[in-house]
Amino acid sequence: MYKCLDCGETFEKPLEQDLDIFYGVASEFNSLSGKKIELCPYCESNNFTEKEEDSEETYLNEE
């Protein structure tokens with residue numbers, strides 16, 4: 001799981017986009033570089049972190 005630090009949403013898999021398109025320079029070259037950037041699928045920010053499995057959820061189920 002991942003958590004976006006901008007919009008706060010959690011998601012399973014980041015959206016992948018070509019780096020050249022993300023930075024708006026794709027039209028300046030004959031071909032794309034092939035490099036990708038991972039983005040939040042909700043707000044398209046690249047400011048997210050991999051969220052560790054919450055032990056809190058396990059704790060709540062044990063009560």
(request) Under the side chain to side chain contact (heavy atoms under 4.5 Å, CB included) rule, what do Lys51 and Tyr2 come out as? Steps first, then yes or no, please. (result) CA-CA 5 Å; Lys51 184 179 172 187; Tyr2 296 87; 5.9 Å; no
(request) Kindly indicate, with the supporting measurements, whether the criterion side chain to side chain contact (heavy atoms under 4.5 Å, CB included) is fulfilled by Met1 and Glu12. (result) CA-CA 5 Å; Met1 290 291 278; Glu12 291 287 327; 2.8 Å; yes
(message) Please evaluate residues Glu38 and Leu15 with respect to the criterion side chain to side chain contact (heavy atoms under 4.5 Å, CB included), reporting the C-alpha separation (whole Å), side-chain torsions for both, the decisive distance (0.1 Å), and the verdict.
(response) CA-CA 5 Å; Glu38 293 182 329; Leu15 177 70; over 6 Å; no
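Across Phe11 and Lys3, no two heavy atoms sit closer than the pair CE2-C, 4.5 Å. The heavy-atom pair separating Gly34 from Asp20 by the smallest distance is N-OD2, 4.3 Å. Closest of all the heavy-atom pairs between Lys13 and Pro41 is O-CG, 4.0 Å. Among all heavy-atom pairs drawn from Phe48 and Cys4, the shortest one is CB-CA, 3.7 Å.
A salt bridge links Lys36 with Asp18: the closest approach of a Lys/Arg side-chain nitrogen to an acidic carboxylate oxygen falls below 4.0 angstrom.
Expressed to the nearest 0.5 Å, how far CD1 of Ile37 lies from CD of Glu44 amounts to 11.0 Å. The CD atom of Glu9 lies 7.0 Å from the SG atom of Cys40; values are rounded to the nearest 0.5 Å. Put simply, CD on Glu16 and CZ on Phe22 are 13.5 Å apart, with the number rounded to the nearest 0.5 Å. Taking CG from Asn47 and CG from Leu39, the interatomic distance works out to 11.0 Å, rounded to the nearest 0.5 Å. Atom CG of Leu19 is separated from atom OG of Ser33 by 5.5 Å, given to the nearest 0.5 angstrom.
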